[in-house]
Amino acid sequence: MPALVLLGAQWGDEGKGKATDLLGGSVDYVVRYQGGNNAGHTVVVGDQKYALHLLPSGILSPGCTPVIGNGVVVDPSVLFSELNGLNDRGVDTSKLLISGNAHIITPYNVTVDKVTERFLGKRKIGTTGRGIGPTYADKINRVGIRIQDLYDESILTQKVEAALDGKNQLLTKVFNRRAIEVGQVVEELLGYADRLKPYVADTVLVLNQALEQDKVVLFEGGQGTLLDIDHGTYPFVTSSNPTAGGACTGAGVGPTKISRVIGILKAYTTRVGSGPFPTELFDEDGDALRRIGGERGVTTGRDRRCGWFDAVIARYATRVNGLTDFFLTKLDILTGWEQIPVCVAYEIDGRRVEELPYSQTDFHHAKPVYEYLPGWSEDITKAKSFSDLPKNAQDYVKALEEMSGAPISAIGVGPGRDETIEINSFL
Ligand code: IMP
């Protein structure tokens with residue numbers, strides 16, 4: 001079973017870093033297939049805490065080759081500062097591979113992201129402001145700049161010219177900004193070329209050869225299912241496909257190669273940025289989840305919106321990703337509540353609805369229908385097996401599993417690498 005996909009089953013920030021890192025020691029390659037430095041993974045190793053945005057979590061496991069696939073968008077300055085930060089702490093990053101087909105987040109993409117959000121006013125998406133959407137837009141409009149373009153100055157110049165022609169019209173005439181100079185951009189981008197060179201590879205070939213040799217490859221999704229451009233709560237989404245199919249296009253492996261798809265599911269729900277969120281809490285329970293769960297964005301430092309577990313979303317994630325397993329994270333955060341509400345269905349304009357509505361209007365009107373499960377007060381952070389959990393915590397997990405449509409194969413009971421209960425092995 002060599003190829004696994006690990007992805008967020010909610011709106012991102014489910015604790016994917018911990019899950020990937022847990023497997024990192026046993027896998028040969030960890031691959032990011034979409035998104036960019038809008039992601040934020042926190043990995044705790046011993047007493048060290050690492051915040052990763054662009055690099056795959058596997059970078060912290062010595063035997064593992066980290067790969068940035070063709071579907072990722074790369075801001076070279078962010079990449080270098082992340083590499084420098086890790087090198088300063090003694091982490092070897094020399095095995096990193098980056099697809100020559102990955103697109104570059106240029107400085108003008110970051111500018112366009114920020115000015116577009118400003119112009120949207122109260123309709124804004126609440127993006128991370130990292131230039132993600134405009135870079136994917138350039139890719140789809142066929143005016144994107146790829147890593148491989150850095151090695152042909154004449155091609156690079158032509159491509160930057162093509163990309164800036166229209167944008168400069170927009171920036172100067174609509175957004176009232178100064179035009180961006182082609183020469184300056186080309187110079188900045190060329191300045192990254194030498195340092196990037198040793199990492200640049202034909203990652204599609206490398207990964208397919210690795211799979212032929214029965215190596216274990218882990219595809220690590222950024223963001224989450226409900227932020228998917230096709231399957232999420234559009235338009236309040238990111239501009240890529242975090243869902244399982246994205247691993248195939250974003251890394252260049254066929255769907256027949258993927259043996260297991262693991263959804264990371266937080267024991268409650270969070271969301272960053274704008275958009276509908278049926279179980280969102282605006283009371284002291286929401287504040288408590290935020291405080292106890294440390295729900296503050298790794299990338300943006302923004303407070304996350306918090307709410308109860310939503311089984312409708314979990315069922316949807318199972319379906320749209322073909323999930324084989326769940327990794328339930330942050331169960332320990334729920335310790336201390338007398339009873340824990342779980343959303344089992346929605347009420348939409350007086351109707352009970354069991355599945356995620358495809359209509360945006362309906363989803364905006366969805367009100368949670370709750371079932372109340374008994375809570376627990378015992379410390380669960382030392383639990384090593386399922387039977388170590390108090391009965392009510394066991395029942396909470398079993399109820400979530402039943403409602404969500406795939407087995408819960410691991411449970412996170414604390415932030416550390418070893419604070420995990422493994423029920424079924426992923427490998
Ligand atoms: P963008 O990805 O910066 O374009 O932002 C689009 C939406 O996705 C915004 O609502 C962001 O808050 C959200 N988003 C992007 N990356 C993450 C993430 O890693 N976790 C949670 N939300 C994210």
Side-chain angles (χ1 to χ4, degrees), residues 6-20 32-43 50-57 71-75 78 82 103 105-106 109-120 122-140 220-243 246 250 263-266 268-277 280 290 293-307 313 317 329-330 360 363-364:
L6 207 147
L7 51 82
Q10 294 150 321
W11 274 288
D13 307 314
E14 297 91 351
K16 292 181 288 289
K18 177 187 163 83
T20 324
R32 278 207 54 187
Y33 55 86
Q34 47 69 234
N37 56 302
N38 49 346
H41 289 166
T42 307
V43 185
Y50 298 90
L52 303 172
H53 300 286
L54 176 60
L55 290 167
S57 310
V72 176
V73 289
V74 178
D75 184 329
V78 173
E82 216 160 282
H103 281 244
I105 302 177
T106 61
N109 292 137
V110 179
T111 305
V112 170
D113 194 357
K114 290 181 178 153
V115 289
T116 310
E117 280 283 276
R118 209 167 305 142
F119 263 67
L120 279 171
K122 67 177 177 30
R123 285 165 296 149
K124 72 176 182 194
I125 308 298
T127 73
T128 58
R130 304 293 193 264
I132 308 294
T135 305
Y136 280 113
D138 278 2
K139 172 177 174 173
I140 301 300
E220 171 186 55
Q223 292 81 49
T225 300
L226 274 295
L227 287 173
D228 187 281
I229 185 86
D230 285 279
H231 302 292
T233 47
Y234 189 89
F236 303 104
V237 291
T238 193
S239 297
S240 63
N241 289 114
T243 48
I264 314 302
L265 192 62
K266 196 148 50 179
Y268 51 98
T269 313
T270 61
R271 164 161 215 174
V272 193
S274 319
F277 178 179
E280 183 168 16
R290 191 173 305 112
E295 296 298 349
R296 180 174 277 264
V298 178
T299 297
T300 58
R302 288 185 286 183
D303 273 351
R304 296 181 185 140
R305 302 158 62 191
C306 295
I313 281 175
T329 59
K330 294 186 126 176
Q360 189 185 349
F363 196 52
H364 278 262

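Worth saying up front: this structure is predicted, and the values here are computed from it rather than measured. Numbers here are sequence positions counted from 1. Counting starts at 1 for both ligands and their atoms, in listed order.
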Subject >> Contact summary for V237 and L227, nearest pair of heavy atoms >> reply: CB-O, 3.3 Å

Original post:
Which residue holds the protein heavy atom closest to atom 2 (O) of ligand 1, what is that atom called, and what is the gap in Å?
Top reply: T238 OG1, 2.6 Å

Original post:
Can you tell me the protein heavy atom closest to atom 21 (C) of ligand 1 and the distance?
Top reply: D13 OD2, 3.0 Å

Subject >> Protein residue, atom and distance nearest to atom 6 (C) of ligand 1, heavy-atom basis >> reply: V237 O, 3.3 Å

**OP:** Would you check if the side chain of Y33 reaches a backbone N or O of G222 as a donor-acceptor pair within less than 3.5 Å?
**Re:** no

**OP:** Drop me the distance from R271's CZ to L226's CG, to the nearest 0.5 angstrom.
**Re:** 7.0 Å

Original post:
For ligand 1, does L227 get within less than 4.0 Å through its side chain, its backbone, both, or neither, judged by non-hydrogen atoms?
Top reply: side chain

**OP:** Using a 4.0 Å heavy-atom threshold (strictly under), name the region of D113 that reaches ligand 1: side chain, backbone, both or neither.
**Re:** neither

Original post:
Would you say T270 contacts ligand 1, with heavy atoms under 4.0 Å as the rule?
Top reply: no

Original post:
N/O of S239 under 3.5 Å from N/O of ligand 1, yes or no?
Top reply: no

**OP:** Report the nearest protein non-hydrogen atom to atom 3 (O) of ligand 1: residue, atom name, distance rounded to 0.1 Å.
**Re:** T128 OG1, 2.6 Å

**OP:** Identify the two heavy atoms, one from P276 and one from F236, that lie closest to each other, and give their separation to 0.1 Å.
**Re:** CD-CD1, 3.9 Å

**OP:** Answer yes or no: does an N/O atom from R130 fall short of 3.5 Å to an N/O atom of ligand 1?
**Re:** no

**OP:** For D13 and R304, run salt bridge (charged side-chain N to carboxylate O under 4.0 Å, His left out): C-alpha distance rounded to whole Å, both residues' side-chain angles, the deciding distance at 0.1 Å, then the answer.
**Re:** CA-CA 9 Å; D13 307 314; R304 296 181 185 140; 3.3 Å; yes

Original post:
Is a side-chain donor or acceptor of E117 paired with a backbone partner of T128 at a separation under 3.5 angstrom?
Top reply: no

Subject >> With I105, the side-chain contact (heavy atoms from CB on, under 4.5 Å) member among V110, L54, V74 >> reply: V110

**OP:** Check if W11 has a non-hydrogen atom at a distance under 4.0 Å from any atom of ligand 1.
**Re:** yes

Original post:
Out of curiosity, S57 OG to L6 CG, how far, rounded to the nearest 0.5 Å?
Top reply: 9.0 Å

**OP:** Check for a donor-acceptor pair, side chain of Q10 on one end and backbone N or O of I313 on the other, with a separation under 3.5 Å.
**Re:** no

**OP:** May I ask whether A39 places a heavy atom under 4.0 Å from ligand 1?
**Re:** yes

**OP:** Before signing off on this row, confirm whether G129 and ligand 1 have an N or O atom pair separated by under 3.5 Å.
**Re:** no

Original post:
Quick check: are there more than 12 heavy atoms from other residues, nucleotides or ligands sitting under 6.0 Å from OH of Y234?
Top reply: no

Original post:
Hey, is Q223 one of the residues with a heavy atom under 4.0 angstrom from ligand 1?
Top reply: yes

Original post:
Should R302 be listed as contacting ligand 1, given a heavy-atom distance under 4.0 Å as the test?
Top reply: yes

Subject >> Closest contact, heavy atoms only, I132 versus D113 >> reply: N-OD2, 3.8 Å

Subject >> Minimum-distance protein heavy atom relative to atom 10 (O) of ligand 1 >> reply: V272 O, 3.2 Å

Original post:
With atoms numbered from 1 as shown, which atoms in ligand 1 lie under 4.0 angstrom from a non-hydrogen atom of G273?
Top reply: 10 (O), 12 (O)

Subject >> From G35, G40, G126 - option closest to atom 9 (C) of ligand 1 by heavy atom >> reply: G126

**OP:** Report the residues that fulfil side-chain contact (heavy atoms from CB on, under 4.5 Å) with N241, sequence neighbours left out, ordered by chain and then residue number.
**Re:** D228, I229, D230, T243

Subject >> Nearest non-hydrogen protein atom, atom 18 (C) of ligand 1 >> reply: N38 O, 3.7 Å

Original post:
Tell me, which protein residue and heavy-atom name are nearest atom 5 (O) of ligand 1, and how many Å apart are they?
Top reply: T127 CA, 3.3 Å

